[in-house]
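Below: the structure, in structure tokens.
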Number of protein chains: 2
Amino acid sequence: MNTRKYEQRLRADTAAENRRRILQAAYDRLREAPSEPLSLDKVANKARVARSTIYVIFESRAGLFDAVFRDLLDRAGFDRIVTAVAHHDAGEHLRGSLRAGAHVYAAERGVVRAIYSMAALHADALADTVRHDEVGRAEGMRHLAQRLADQNLLRAGITVQEATDILYVISSFDTFDLLFTGRGLAADAVADRLIAMAERALVHQVGQPR
Amino acid sequence: MNTRKYEQRLRADTAAENRRRILQAAYDRLREAPSEPLSLDKVANKARVARSTIYVIFESRAGLFDAVFRDLLDRAGFDRIVTAVAHHDAGEHLRGSLRAGAHVYAAERGVVRAIYSMAALHADALADTVRHDEVGRAEGMRHLAQRLADQNLLRAGITVQEATDILYVISSFDTFDLLFTGRGLAADAVADRLIAMAERALVHQVGQPR
DNA sequence: CTTACGAAAGACAGACTGTCTCACGAAAAA
DNA sequence: TTTTTCGTGAGACAGTCTGTCTTTCGTAAG
């Protein structure tokens, strides 16, 4: 039996719609109740789709949440925050991306927390994606640390390596959430704290010996 | 039917032993494979105990891990780190507890990560205990911040409130783990980073205007 | 018209939780 | 010694979940 050419165009649209509806349903559910177990049955019902369809499209439960996470990264532009700010002054760049990051984290807090926790508990595709994303963030922080060094903004005795480590901590979701959820600060207040920490820990002050 | 007094003495010992064996089995399993699902069946087998016995003793799955966490806190003495260091110099106290904490975290990394993730994902007894423990840590950090203030060690313009927030971040497991697992630093190197961050962010430097 | 294919529906096995019942055995009380 | 009490093992059971598979249907492309 020779398969003939077959390109579905109209069906591809509805297929893409289904995929999107499933992603949206899973995302909404994580948003509403980040600390409640989420079954694929619930996602399927919410998306008005058969549960088996989820498996056809996303392979597995982990594959679904992996896609949800990737989609979240795209929409929120986590990975673009650092480069997007793109201020010629590295100090402004630092402040701008910490503040922008804090607001993105605040908007997506529940979903990100749930996804990170799932990733920590399962060692699957989702865990790989989360780890990969963290590596990307580390590279971004290394770049920023290098820019700070190039512009002679680093405090005396701080290496780019050390600055990278510190920026990696301060720009993390966990650090944000310690202040946001743990200490009950508003997103802007968190940004203020983070910026203050970063500047005091890394940047030499006016009139301070270098 | 009138119930007569009944105090088991010898049986209480074996009961306590069972309880301990179950806790140990759960702890060992979390330690070996923190990122693998852990069923009560496995714990029961490992502890050579019927699964129903776990429910009799710990009420629920959450109750078991709650007990594992409490036991870990007791054994490792997380909550005693800050007060245990008890150096008359608040600066030494800060450095000592950060270093001690880093080593405890490093020793229990997998288990703590698994328990935190479970707590974030379920909103049960375990979540309550973890939250309560974090409140205790926050109080400890407030105490330390106050001591730093009393000894005139805080940088100019930093309130006790702000110092508490920053110490809360720096002394957290998440911050530790960002450097330990995320950046691949050894426990002592993490401690160095944390201490450097804390001192630069909070403590006024020698010869620096206050 | 015929073929291909996305999707729904649902059966199924297997794993897990939580509840319950029953029986056993050993220690404590009478 | 006899009786009572209680921790425990063993296991049945319902319910939920994942992951796989098969069957059927509708629709768009050829």
Side-chain angles (χ1 to χ4, degrees), chain A residues 1-23 25-26 29-30 33 36-68 114 118 121-127, chain B residues 1-23 25-26 29-30 33 36-68 114 118 121-127:
Chain A
M1 134 181 184
N2 211 349
T3 56
R4 61 183 182 185
K5 288 177 200 166
Y6 199 88
E7 300 170 23
Q8 71 278 35
R9 287 179 284 272
L10 298 188
R11 287 303 288 267
D13 293 347
T14 71
E17 276 170 33
N18 270 347
R19 187 190 147 87
R20 177 118 298 282
R21 268 213 320 287
I22 294 169
L23 284 179
R29 210 55 185 50
L30 284 183
E36 260 176 46
L38 176 49
S39 72
L40 295 194
D41 230 5
K42 283 176 189 156
V43 175
N45 287 335
K46 205 172 161 71
R48 301 188 314 279
V49 143
R51 189 167 63 91
S52 54
T53 303
I54 297 181
Y55 281 94
V56 171
I57 298 179
F58 298 102
E59 299 260 307
S60 66
R61 181 190 162 80
L64 169 60
F65 291 110
D66 184 81
V68 168
M118 293 194 307
L121 242 29
H122 279 294
D124 48 22
L126 175 58
Chain B
M1 134 184 183
N2 211 347
T3 57
R4 62 184 183 186
K5 288 178 201 166
Y6 199 89
E7 299 172 23
Q8 71 280 33
R9 287 178 284 271
L10 298 188
R11 285 303 289 269
D13 292 348
T14 69
E17 276 170 31
N18 270 347
R19 186 191 150 85
R20 176 120 297 284
R21 269 216 318 288
I22 294 169
L23 284 179
R29 212 52 186 48
L30 283 184
E36 260 176 45
L38 176 50
S39 71
L40 296 194
D41 231 3
K42 283 175 189 156
V43 175
N45 287 336
K46 205 173 162 71
R48 300 190 313 280
V49 142
R51 190 169 62 92
S52 54
T53 303
I54 296 182
Y55 281 93
V56 170
I57 299 179
F58 297 102
E59 299 261 304
S60 65
R61 183 191 161 81
L64 168 61
F65 291 111
D66 184 81
V68 169
M118 292 195 303
L121 241 29
H122 279 294
D124 49 21
L126 175 58

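Lettering follows sequence order; numbering is per chain, from 1. Below, each value reflects all heavy atoms present in this structure, side chains not excepted, and no hydrogens, waters or symmetry copies.
If you measure from atom CG of B/Leu40 to atom C1' of D/dG11, you get 16 Å, rounded to the nearest angstrom. In this entry the distance linking CZ of B/Phe58 with P of D/dT8 reads 10 Å, nearest Å. Distance CZ (A/Arg61) to P (D/dT20): 14 Å, rounded to an integer number of Å. Rounded to a whole Å, the CZ atom of A/Arg48 is 10 Å from the P atom of C/dA8. Here the P atom of nucleotide D/dT16 and the CG atom of A/Leu38 are 16 Å apart, to the nearest Å. With rounding to whole Å, B/Asp41 atom CG is found 12 Å from D/dG11 atom P. Across the protein-nucleic acid pair, B/Asn45 atom CG and C/dT17 atom P stand 12 Å apart, rounded to whole Å. In this structure, B/Leu64 places its CG atom 15 Å from C1' of C/dC16, rounding to the nearest Å.
Between A/Phe65 and A/Asp124, every side-chain heavy-atom pair lies at or beyond the 4.5 Å cut-off.
Heavy-atom minimum distance, A/Ala114 versus A/Leu30: CB-CD2, 4.0 Å. Heavy-atom minimum distance, A/Ala26 versus A/Leu38: O-CD2, 4.0 Å. Between A/Pro37 and A/Lys42, the shortest heavy-atom distance links the atoms O-NZ, 3.9 Å.
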Enumerate, atom names and distances included, each donor-acceptor pair closer than 3.5 Å involving a side-chain atom of residues 49-60 of chain A, sequence neighbours excluded.
from    : atom 1 : to      : atom 2 : distance (Å)
A/Thr53 : OG1    : A/Ala50 : O      : 3.4
A/Ser60 : OG     : A/Ala62 : N      : 3.4
A/Ser60 : OG     : A/Gly63 : N      : 3.0

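Within the nucleic acid shown, A/Arg19 has no heavy atom closer than 4.0 Å to any nucleic acid atom.
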Response to the item:
Under a 4.0 Å heavy-atom criterion, the protein footprint on nucleotides 9-15 of chain C, written with B, S and -, is BB-----
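For the pair B/Ser60 and C/dG18, the criterion of a side-chain N or O lying under 4.0 Å from OP1 or OP2 is not met. Of the side-chain N and O atoms in B/Asn18, none sit less than 4.0 angstrom from OP1 or OP2 of D/dG7.
Closest to the A/Lys42 side chain, of the nucleotides C/dG18, C/dA8, D/dC17, is D/dC17. Comparing atom distances between the A/Ile57 side chain and each of C/dC16, C/dA7, D/dT8 picks out C/dA7 as nearest.
To the nearest 0.5 angstrom, B/Glu36 atom CD is 11.0 Å from A/Leu121 atom CG. Here B/Thr14 contributes atom OG1 and B/Arg21 contributes atom CZ; the two are 9.0 Å apart, rounded to the nearest 0.5 Å.
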